[in-house]
Every structure is written in structure tokens, then in C-alpha cells.
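Take a look at the structure below.
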Amino acid sequence: MNIFDEFSTKLKKILLDLSKKEELILPSNINVITTEIPPLKFNSDISTNVAMVLSKLNKKSPIDLAKYLSEHIKKNDELIDNVSVAKPGFINIKFKKIFWTNFIIRVIKNSKSYGVNEFEEKKSYLVEFVSANPTGPLHVGHCRGAILGDVISNLLLFNKHKVKKEYYVNDYGNQIANFTKSVYYRIREILYKETFPDSNYDLYPGDYIINIAKNIIKSNKILDFKNFEKISNDLSVLSVEESLNIIKNNLNSVGIEHDNFVSERQIVKNNEVEKVVELLQKNKFVYKGKIKAPESENTNNWVEREQLLFKSTEFGDDKDRVLQKSDGSWTYFASDVAYHKNKLDRKFDNLINILGSDHTGYIKRISSSVDALSNSKVKLICKVSQLVKLIKDKKPFKMSKRRGDYITLEDLVNEVGKDATRFIMLNRSNDVELDFDFDHVIEKSKDNPLYYVQYSYARICSVFRNINKNIESELKIKKSDFEYSDDEIKILKKISEWPKCIEMSTRKLEPNRIPTYLYELASLFHSYWNLGKQSPNKRFIDDNEKISDDKLIFLKAISNVIKSGMKIIGASTPERM
RNA sequence: GCGCUCGUAGCUCAACUGGAUAGAGCGCCAGAUUUCGGCUCUGGAGGUUCAGGGUUCAACUCCUUGCGGGCGCGCCA
């Protein structure tokens, strides 16, 4: 349920009636007429732009048209207290108090599904996120994208869509070869006391490789480490497995679990790359040609040569992209195209990729391939998560560029916890850099939005505790003839905006609206709470240690919204703090 | 050089599909608080939304030019 949608429906009916009577001309697209939340100062509940949109077509001034329409609106609805017209031509509707009583009772009755967009068609989504190279633990940079992907999935699930969360494992190619070699040298270091070749910059120096080496030795799956060539394949598989375990543990520590891991190696092994290249060739998207050297830096070493190219320029890319290396093996891009063909074959309605900001340049070419493969029927939606700037003691906390030395996701979670990590990472729009201030995040104050929201929930719980009621149990509503005060209606109005918040977050895949919304709701609640200091009638529990039904319902509705919002974010709502 | 992206109060950021007099928090100033729960609340000051041009009844939002920051521009993944 969504009071804005409901009003919109009523309004459109009125408009259609008037147009049938030929009193009004309507535009072909009636959806430009919107219902909105009026700014606070107008002291009304819903507003609409209808008069401004229709004024030109009907050759009337917006104000006159607004006056004319507001009479029809008022006449039509006994729950409307008054309808007023404001300057450029807005129509503002204010409901009677009983409207809000009815409203909150409906919210309570639908508490489980409140906020879900009922009218939206249910679709299936594949969300690919993280997909970090399986060569070591995740760092802070990965973390933001990971949480973004997870919460976008939660949002879609909340709206009853089908979602598969997927991780693409890049376990093929040079980086993996170097990684495997690194593990190999560590093993020789342990078994034969040989020193690790620190001067080789292709190798991974991190200490975690030593643990991987130890685990592989312990597992006894390979018995003889003397000849690298002989064991490199098996060792590679084991090494990837080990580092994937580290990554999965990292993800679990922030509450993330993927449904599916797809191996690049497997895609290559199944000849999926050949097949997809063949298919593209058949549809004339592949050709042999030369590609220009990049405009940047020194192009001295650039050797122009004839190579297999994908025509991504046909879909707006800067240049066509190479599919095959000179040694005959496939480029990363080629196998990724095959992977996306694989996704398409699984028949999802929508494909979503979450990428780091360093991959923005990659979006055009990969979405081009999806266009080419699906005949532009399926769009690949790419969301980019920008950098995270860590701040400690008011200073940027530099991620050292020194090899193998970066702040890991594990470090972050150990420092501030899962809830704070998730909440703060989502607090900003994903396409803006984010300051992650360690000092605020662990503070128990308003400076810490997580704490502030959780605290409001805990306060509500304390009321329930004091009257010996369980906050989870369902409320039985006997009478509903009470009315709420203006201070309470302020909060009810905020609650009525919740479905709108969810709708926008889902449509734009921008979950950052949710922490903002919850903060605002919490703020209103804390204000209300403080009113109890002066006015005993604003306190929840009266002198006889009882609570009235209206207050009980009121609290329950607030806590429900906070809880379901926090659930989408993936942060907890402790009953005591 | 080219592509993508961001630019809003001193600072960190909101602002719905293009809506009204652009909102919060921090910091600053002034107050409240013997409470259901303790960094909670109330008020004040603070703006040419980077700059110019355009579209529109209406532009922070869309188009365009310029400026500034970030990212990317390999047969790396």
C-alpha cells in the first residue's frame, strides 16, 4: 500500500471522468501527472502538479485550473480536510486526522509487506558482484561494491523479485599463473628452505600466501613439489580454492553469501569462448583487423598487428576490442563475453553487474557484447562503486601502494563491526567517493548514523519491555476511533513515505536512500521522545504503567519500518544497547 | 588527447520521474533535560547549487560550452 499511488489512482479517475464529459483535455501520456510529498512549510500531506501539466493543453492558467480541479478532488473524498492551491499551480491536499488513524491500522495489518511495491511486475535478476581475482583476501575497495551488490539484491528480494547472486571467479590467465608460482615458491621456502624471490615483481608477496602454502602441503593432495611443470595445474586449482575460501570468509564476515560461483577456467574449458566467438562471427560482429595504439603515455613498444576484434564500436565503444592474444589464447574480455552469453542462456529478465570505479572503461565493451548477443533485447545494467577514503584522527588513512600491504576487509570489520561497515558504506550514493571516518563510526552518538537509528529502535524496545509485551508479537486492534496529534502525524507522514523510498531505491538501484530515510525517521522519533519530558501525554507509558492502543500501534509501526529497512541494509537492530 | 564520472552551506552530504522559498548532520552561537534509556532535544547564523548559454509553465536535475577533481584508455584480469 502506498498512499501516493492511491491518491494518484483517484485523481486519474476524476480526470478521466472530466475528459469524458469534455470538460478537460488530457495529454496522451497521463504519467507526467505526479503526486508528491509537499515541502514541510505548506502544512499539507500530498501535492500534485496536475494543473501545471494540463494548463497549456486546456488554455487555462495553472492557478485557475488548480482551483477548478481542487473542487472535484475535495468533493470526491470525505477523508480530505482541505484542498489548497499554491503559487505556480500546485494543488495541496490535507487529510483529516482520521485518515492517519486508518492509515496506520492498515500499515499494522500489512506489517510484513509494508513498503513492497505490489503493482510492479515480478522479474528475475542476476546480480554479479565482487568477482575479485582469487589471488588473496578482499580489501576495503572491494567491500563497498560487495555491500552494494548484496543490498541491491536484498532490495529486489524485498520487492518479491527473483534474484541470483553470482561471483565470477577469474581463475584463468597470467595473474593466476603468477599467483600459483607465488604459492609454489612459498612451498619450496617451507619444504626446502629456499628463499622467496622478493625481487620478482610478478609474484605476490603477501603473508597470506604462506598460509595457503601450508594448507596445501597439509592437505597431502600433492606429494611431490619438485617439478613445477608437472604439478602446476593441480597446484593452481588448489591455490585458487584456498584463496576463494579466504574471500568467502571475508564476505561472510560482512554478512554476504553468493548463490553461485562461476569459474572462468570452466568456461574456457567447455569451449564456450569458441562458441560465442563463432556466434558473433556469424552475426558479423567479429573481424580481423588492426587497432590503434592508445593515446596515452609512451607507445614506443606498440606493435600494430592483425588480430581478432569484436565490433564494440557499433554499440558506442571508443574502439573495437581484442578477443585473442598472439599466442592463440583468449583475452580476459573474450572469456567474459562467453560468461555473459552463459548468463543470457540462463534466461534472466535482467542482468546487473557491480563494478569498481577502476572498471568504468570496461562497461561499454561488455554491455556491447550483451547487446550483440541478445539482439539488444537484454540490457546489462552496470553499477559502479566509487572509492572509499578511510579517515582516522581526521586524516586520510593511506592505503599504502607498497606491494602486499593494504587494508583488508578483515581489518575493517575487526575495527568497526559488520553493521557499521554495511551502514556507512551505503550512506552515500554509490557514484560519489565516500569518506569512512573510523572515529565517528565507533562513537555512540548522533555523529554515528548507525547508532542513532539503532538507538531509536532500542528505545522502542525498552517501552515494550517495561509493559511486558513482546515487540515481535502481533497486535490485536480492538478500537480505532482515536485520533493522533500533529506531532504524531508528522511521524506517520514519514512512515507513509517509506514505500516511495523503496520504490525509488529499487528502480534506480540506489540503496543509499534507505540509510538516509531511516536516519530521518529516527530523528523524528527522538524529537517526539523528548516531548515527553514536558508533556506527560506524549509519554508512551502513563502513570499507571499502562500504554494506550494508539501509542502502542504508533510504536509498532515505527519499529516495523526501522526493522525492515535495517534488514534490507543487512544491519542488526539490537533490543538493548 | 579521448571516454566515463563527480562538483550543492566552512566541512561531510540529501533533494523523488524536471516541481514550490534547495534540506540534514558536523562545526560555531544560544538554550532545555532530577526521563520509558544514559552524547537526547529546541532555536540561531550560514547558499549566485563551479561558470556561461539553451530547452521548459518549472532546472541542482535535461542539452551545450568552458573550468576543476577522480577513474579509465594493453595481447592485465
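Naming: A, B, ... by sequence-line order, numbering from 1 per chain.
If you check distances only, the side chain of A/Asn92 does reach the base of B/rA20 with a donor-acceptor pair under 3.5 Å. Judged by distance alone with a 3.5 Å cut-off, no donor-acceptor contact links the side chain of A/Asp431 to the base of B/rU5. With hydrogens and angles left out, the side chain of A/Ser47 and the base of B/rA20 share a donor-acceptor pair within 3.5 Å.
Contact annotation for A/Ser462: base contact, defined as any heavy-atom pair under 4.0 Å involving a base atom. Residue A/Lys364 is out of contact with every strand shown, counting any heavy-atom pair closer than 4.0 Å. Counting non-hydrogen atoms under 4.0 angstrom, A/Thr34 reaches a base of the nucleic acid.
What separates NZ of A/Lys389 from P of B/rC11 is a distance of 12 Å, to the nearest Å. Rounded to whole angstrom, the span from the CZ atom of A/Phe540 across to the C1' atom of B/rC36 amounts to 9 Å. Following rounding to the nearest Å, A/Asp358 (CG) and B/rU5 (C1') show an atom-to-atom distance of 14 Å.
Nearest to the side-chain atoms of A/Val322 among the listed nucleotides B/rC16, B/rU40, B/rC75 stands B/rC75. Out of B/rC41, B/rC4, B/rG37, the shortest distance to the side chain of A/Thr360 is found at B/rC4. The A/Gln175 side chain lies nearest to B/rC76 when the options are B/rC71, B/rC16, B/rC76.
Within 6.0 Å of the CD atom in A/Glu121, the count of heavy atoms belonging to other residues, nucleotides or ligands does not exceed 12. Counting heavy-atom neighbours within 6.0 Å of A/Lys12 NZ, excluding the residue itself, gives a total above 12. By the neighbour-count criterion of 12 heavy atoms within 6.0 Å, atom NZ of A/Lys469 is sparsely surrounded, having that number or fewer from other residues, nucleotides or ligands.
Stacking of the aromatic ring of A/Phe90 onto the base of B/rA20 is found: the ring centres lie under 5.5 Å apart and the planes are inclined by under 30°. By the stacking rule of 5.5 Å between ring centres and under 30° between planes, A/Phe42 stacks on the base of B/rA20.
A/Ser485 and A/Glu488 form a side-chain donor-acceptor contact under 3.5 Å, judged by distance and modelled atom types alone.
Rounded to whole Å, the separation between the C1' atoms of B/rG53 and B/rC67 comes to 15 Å. Taking atom P on both nucleotides, B/rG1 is separated from B/rA45 by 46 Å, rounded to a whole Å. Nucleotides B/rA22 and B/rA14 are separated by 10 Å at their C1' atoms, to the nearest Å. Distance check on atom C1': B/rC75 versus B/rU12 gives 44 Å, rounded to whole Å.
Classified by interplanar angle (parallel below 30°, tilted 30° to 60°, perpendicular above 60°), the ring pair A/Tyr455/A/Tyr451 is parallel.
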